[in-house]
Each structure stands twice: as C-alpha cells, then as structure tokens.
Number of protein chains: 2
Amino acid sequence: MHSPELLKGTLQTIVLKVLKDNGRMYGYEITQRVKELSDDRILITEGALYPALHKLEAEGMLKTETENIGKRVRKYYSLTPQGRSLVKERVNEFVEFIKTMGNVLQVNLG
Amino acid sequence: MHSPELLKGTLQTIVLKVLKDNGRMYGYEITQRVKELSDDRILITEGALYPALHKLEAEGMLKTETENIGKRVRKYYSLTPQGRSLVKERVNEFVEFIKTMGNVLQVNLG
DNA sequence: CTTAGATACATAATTCACTTATGTATTAAT
DNA sequence: ATTAATACATAAGTGAATTATGTATCTAAG
C-alpha cells in the first residue's frame, strides 16, 4: 500500500482515465479495476469515490445510467465530451508534475 | 505552476532529498533551490516549510545550527543519520508510487 | 438455514497537510 | 524613502481525503 498522502489529488485523474480506457463502468467496478491495475497498492475508499463521481457528474464531466441487476441497482458512469477533454488535461498535468519531480528529486522515473 | 493538489504529500520528500543533495541549507535557501530545480513550477510556501522543518527536527531527522549573518540569524538544517535513512525510504516510496500510477494511468512516465 | 464476506450504493463526521494571512526584522535596490 | 527580496515564525482557515455509519442484495460455507 502506498502512503495515502501521495495519493491525494490523484483520485480524479485515476477515475477519469480508468473510465476513458474501460468505457462505461459503475462505482464498485472502478475500485476493483484500480485495485487490479495497481496490484492491490491503490485501494479507493467509497467515502472518497462516490462524492468524487457525484461532483464530476454535477460538473458535466460524467453522465449516468442506472440498471437493475436482479433487485440491485447499478449506476453506470461514462465520460461526456467535456469529460474526455478533462481526462487529457489531468493526465498531461500529472505527467508534467512527474517530470518536475524527477528533476527536483534527481531520480530517473519510469 | 503545478496543481497544488498533486504536490500534497511530497513536501517532506522534497525537503529531505534537497538537503541530502546539497548538504547544509537554511529554510529560505531550500525554497529557492526547489524553485530553481523545478523551473519555477514548485514554490514552497513558508507556512508549509517551517512547520515541516520543525517537525522533522523534533523527530530527530534534522539537526540545526544557527549563524549570524550581519544582524540576521540563519538557521541551517542538515540530515542526521536517521534522516539519511528516511530520505532513501521516502524517495523509494515515491518512485514506487509513480510506477504504480504509470500502470493505472497506462502512461509512460519518465 | 444462517452467518460471513463480497457486492453496491450513499452520506456525515473527522482529520491533517496544506494555503492564506499575519507578524517581525534586516538588506539591497531604485 | 519606498519597494522588493531576504529570513524567520505561527495562527486561522480550507478541502480532499479517511473513518465511520447506514441500507440492502447476493453468494458460499458449514
């Protein structure tokens, strides 16, 4: 598990990019996909995820569709065109940040 | 300037590594060195730096010497042996985090 | 069958590292 | 003389996260 401090500020970027790469997904599915991609090192908590999804939806970055699976309700999220722009922005931002950190820490990242 | 959110959790790592690479430094000097290394993209605020330095000193990671420069007082910080271990740990932690993020975001970092 | 663990959503209370604001004082430049 | 840079320090406020709590369904084990 990574230091939770480092993870701060990356949640939105992660959620958006995973949605871009995997298309339509529901909340729980996102947590599992991130767990898998990160080899159990990034565990997104529900208390962080759901408010983040609601915020992105309210901002018009995500759209939702609900589906009934048996008696359960699933809420599927997918990117809007605006959301697609935001993913690129956020990922670029992160890549730039890492380049800068590489210089400051004098380490070869990647 | 980078999104301040991304910077969260990296301050200690930055301070420790810069001190390791540059030896004895005073607070203001650290802010300037980081500004320089980051090409003006990371600007450490005093409200963040001084409490961080005091905390690291209290934990035995840094030791201090004060010097009088004219009528000014400068407080020089340097790593203790414990601090030297911590730098390695923190930098490794960060590098691992970046590797994980590379997988999750499917981007080539570095 | 019933209990535990996984699935699936949601929100409220709390934390804590940071930003912003404020304060003091010296030195250099215009 | 006034502004900007140098140099330290701390208090108040912010906000994205963690932690805790709540509801409910599905599945596997014993």
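We name chains A, B, ... by the order of the sequence lines, and we start the count at 1 in each one. Not measured: the values here are computed from a predicted model.
Side-chain atoms of B/Lys17 come within 3.5 Å of backbone atoms of A/Leu105 as a donor-acceptor pair (strictly under, hydrogens ignored). Of the possible polar contacts, one joining the B/Thr100 side chain to the B/Glu96 backbone as a donor-acceptor pair under 3.5 Å is found.
No hydrogens or angles were tested; on distance alone, nothing pairs the side chain of A/Glu5 with the base of C/dC16 as donor and acceptor under 3.5 Å. With hydrogens and angles ignored, a donor-acceptor pair closer than 3.5 Å exists between the side chain of A/Arg72 and the base of C/dT7.
Distance, A/Met1 CE to D/dA17 P: 13 Å, rounded to whole Å. Atom pair B/Leu43:CG and C/dC18:P shows a separation of 15 Å (rounding to whole Å applied). Rounding to whole angstrom units, CG of residue B/Leu49 and P of D/dA7 are separated by 13 Å. The interatomic distance linking A/Lys55 (NZ) with D/dA17 (P) rounds to 9 Å, in whole Å. When the P atom of D/dT14 is taken as reference, atom CG of B/Leu7 falls 21 Å away, rounded to whole Å. One interatomic measurement links the two molecules: CZ of A/Arg74 to P of C/dC9, which rounds to 8 Å at whole-angstrom precision. Rounded to whole Å, atom C1' of C/dA8 lies 12 Å from atom CD of A/Glu29. The interatomic distance linking A/Met25 (CE) with C/dA8 (P) rounds to 12 Å, in whole Å.
In the set C/dT19, D/dT10, D/dC8, D/dT10 carries the atom at the smallest distance from any side-chain atom of B/His54. Among the nucleotides D/dT10, C/dT7, D/dA7, the one closest to the side chain of A/Tyr28 is C/dT7. Of the listed nucleotides (C/dA8, D/dT25, D/dA7), D/dT25 has the atom at the smallest distance from the side chain of A/Lys71. You'll find that the side chain of B/Glu46 is closest to D/dA7, out of C/dC18, C/dA8, D/dA7. Distances from the side chain of B/Pro51 to the nucleotides D/dT10, C/dC18, D/dT18 place D/dT10 closest.
At the phosphate of D/dT10, neither OP1 nor OP2 sits under 4.0 Å from any side-chain N or O atom of B/Tyr50. Dashed line: the shortest gap from a side-chain N or O of B/Lys75 to OP1 or OP2 of D/dA9 is under 4.0 Å.
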Begin with the C-alpha distance, continue with both residues' side-chain angles, and end with the deciding distance and a verdict on side-chain contact (heavy atoms from CB on, under 4.5 Å) for B/Phe94 and A/Leu109. CA-CA 9 Å; B/Phe94 186 77; A/Leu109 299 166; 4.2 Å; yes
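With 3.5 Å as the limit, one finds no donor-acceptor pair spanning the side chains of A/Tyr76 and A/Arg24.
Of the two residues near DNA chain D, B/Ile69 and A/Gly70, the one whose nearest nucleotide lies more 5' is B/Ile69.
Base contact: A/Gly47 has a heavy atom under 4.0 Å from a base atom.
A/Arg33 has no carboxylate O lying under 4.0 Å from a charged side-chain N of A/Glu29, or vice versa, which leaves the two without a salt bridge.
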